[in-house]
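Bear in mind that the values here come from a model prediction, so they are computed numbers and not experimental data. Order of listing sets the numbers, starting from 1, for every ligand and every atom in it.
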Amino acid sequence: MPFEPLVPGQVGIYNCGPTVYDWQHIGNLYAYLVADVVRRSLEYLGYRVTQVMNITDVGHIVGDLDEGDDKMEVAARRERKDPLALAQMYTERFFVDRRKLNILDPLFVVKATEHVPQMIALIERLIEKGHAYAAADGVYYDVATFPGYGTRLNAELPEERMAGARVEVNPNKRHPQDFALWRAAKPGDLQQWDSPWGRGNPGWHIECSAMSMEYLGETFDIHSGGQDHLFPHHECEIAQSEGATGKPFVRYWMHNRFLRVDSAKMAKSAGGFYQLGDIESWGFDPLAFRLLTLGTSYRKGVDFAREGLASAQARLDRWRSLVGEARQTTAAAAAGQEDAIRRRFVEAIADDFNTAKALAAAEDAVALLTSPEGADRARGLGLLFDMDRVFGLGLEAWTAQATALDDDVRALLDERAAARARGDYARSDQLRDELRRRGYLVKDTKEGQRWERIPPHKKEES
Ligand code: AMP
Ligand code: ZN
């Protein structure tokens, strides 16, 4: 399916953001890595992108089908904190992790609690149009008024998620599948607002309809989330937005398959629930995790295992080392538009963001780095730095940092080169050890001494 944005040259993207009641696990982070690569790829291809991500700090209840308490309420009681303070804390932690992964900040990061008036206005519109009704315990969407409800995204629905199969049907609903737009406040609810239907709080689905349309308009280009959002979340968003506006809501839906640990969805209850901090504590660079996720399509998801992470780390180390070495003798040449390797890279990302294929093109650029020809090395560097605008591995920043030597390190290297030149190998070995203590690895090649900065996760071993 060719991609045609609503306005030529511009793309509006809405990413369903996190519910900030806890740490995000690496599966959640994977969803944002996918979103980041989509944004970077479209920018690379020349589009002007407006990226919006929400922060769910109210409204997401424990069960997906209107039963249970608000996740923020439960967490606030668990941690004895004010829900907004809790949301702030987990939002900050989320952004620390995102930045470690080189995930770019969206242009708009929008909190549900700051958009309650827009949600109320949207619910009023739905009531006016006959798509919603007020009941004793809140306002519900009347799914019978929206033909095709629940079938638009071809979600494979696990049976227990169908209303009525698992939970007792709420007698306030006209139809068991009707979903809450607004919930009347329960005694002790920490987050509640005034509304035409009394005090209460908004449903999770209405948040995303209201905030996406507020920032991107009633019809926009791309809306993303993980596979679990197909139903009910995104089917509900479609019913709400299209019910209220009568216009198409989203032109392209993108759902990433899950990151799986031992072939199971990563869930807290099942153990194997990892955070980025775990990856770091095993001695890996967060960017190795980023590189790992680039190896498959978002349509397949990621099978996460330590071995896979280790090989991604080895690949990242190899790239960094070769790039760093090449940079000592060559400057990057601007990547030519007609370069065959670059063309393959562009074709790959323009083909449904095929990052696995794009990595194969990158390996051909890496191979150029060891060429005896300076021009090849310059081309390889230029290509890699250019592609890295999409990969986001920070290669150029890494080598800039790795090639900026302190004066005293430079002096030690010069002294060592001089010692070797006069055949004083004992002194030269001493200096090699001294440099290693300072975090630099020295190699002797035919063209003379080469050095690289030892990556932080390797310092202990060397
Ligand atoms: P939540 O905070 O639960 O709303 O989830 C944040 C995002 O992570 C959503 O887009 C989810 O669909 C996505 N997600 C949750 N679990 C996984 C997983 N194991 N792999 C990939 N994405 C996930
Ligand atoms: Zn959402």
> Which is it for Asp352 and Asn354 under the side-chain hydrogen bond (donor to acceptor under 3.5 Å, both in side chains) test, yes or no, and what are the steps along the way?
Replying inline: CA-CA 6 Å; Asp352 198 23; Asn354 191 332; over 6 Å; no
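- A distance of 9.5 Å separates CD of Glu325 from CG of Leu369, quoted to the nearest 0.5 Å.
- Shown in contact with Gly225 at under 4.0 Å from a heavy atom are these atoms of ligand 1, numbered in order with element: 10 (O).
- Separating the CZ atom in Phe146 from the CD atom in Gln177 is a distance of 13.5 Å, to the nearest 0.5 Å.
- Looking at Tyr140 and Asn170, their side chains do bring a donor and an acceptor atom within 3.5 Å of each other.
- Considering both main-chain and side-chain atoms, Lys71 never comes within under 3.5 Å of ligand 1 through any nitrogen or oxygen pair.
- Below 4.0 Å from some heavy atom of Pro18 lie the following atoms of ligand 1, by number and element: 2 (O).
- The closest heavy-atom contact to atom 14 (N) of ligand 1, among the options Leu33, Asn28, Leu29, Ile55, comes from Asn28.
- With a 4.0 Å cut-off on non-hydrogen atoms, Asn15 does not touch ligand 1 at all.
- Assignment of His25 to the shell around ligand 1 is supported, since a heavy atom sits closer than 4.0 Å.
- In the displayed structure, Arg318 atom CZ is contacted under 6.0 Å by more than 12 heavy atoms of other residues, nucleotides or ligands.
- Residue Asp221 is tested with Gln10, Arg251, Glu4 for a side-chain contact (heavy atoms from CB on, under 4.5 Å); the sole match is Arg251.
- Less than 6.0 angstrom separates the ring centroid of Phe391 from the ring centroid of Phe345.
- A donor-acceptor contact under 3.5 angstrom links the side chains of His234 and His255, judged on distance only.
- Residues Tyr21 and Asp70 bring no donor and acceptor atom of their side chains to less than 3.5 Å of each other.
- In this structure, the separation between CG on Leu276 and CD on Glu280 is 5.0 Å, given to the nearest 0.5 Å.
- Looking at ligand 1, you'll find an N or O of Leu259 within less than 3.5 Å of one of its N or O atoms.
- The residue among Gln24, His229, Arg260, Gln227 with a heavy atom at the shortest distance from atom 9 (C) of ligand 1 is His229.
- The tally of protein N/O/S atoms under 2.8 Å from the Zn ion (ligand 2) stands at 3.
- Looking at Val34, Asp228, Leu230 and measuring to atom 12 (O) of ligand 1, the nearest heavy atom belongs to Asp228.
- Those atoms of ligand 1 with a heavy atom of Ala31 less than 4.0 angstrom away are 8 (O), 13 (C), 22 (N).
- Distances from atom 6 (C) of ligand 1 to the heavy atoms of Tyr32, Tyr30, Phe273 put Tyr32 nearest.
- Separation of the Tyr141 and His131 ring centroids falls under the 6.0 Å cut-off.
- Interface of Gly27 with ligand 1, defined as ligand atoms under 4.0 Å from a residue heavy atom, comprises 17 (C), 18 (C), 19 (N), 20 (N), 21 (C), 22 (N), 23 (C).
- Atom NZ of Lys357 sits in a sparse spot, with 12 or fewer heavy atoms from other residues, nucleotides or ligands closer than 6.0 Å.
- If you number the atoms of ligand 1 from 1 as listed, the ones under 4.0 Å from a heavy atom of Asn256 come out as 21 (C), 22 (N).
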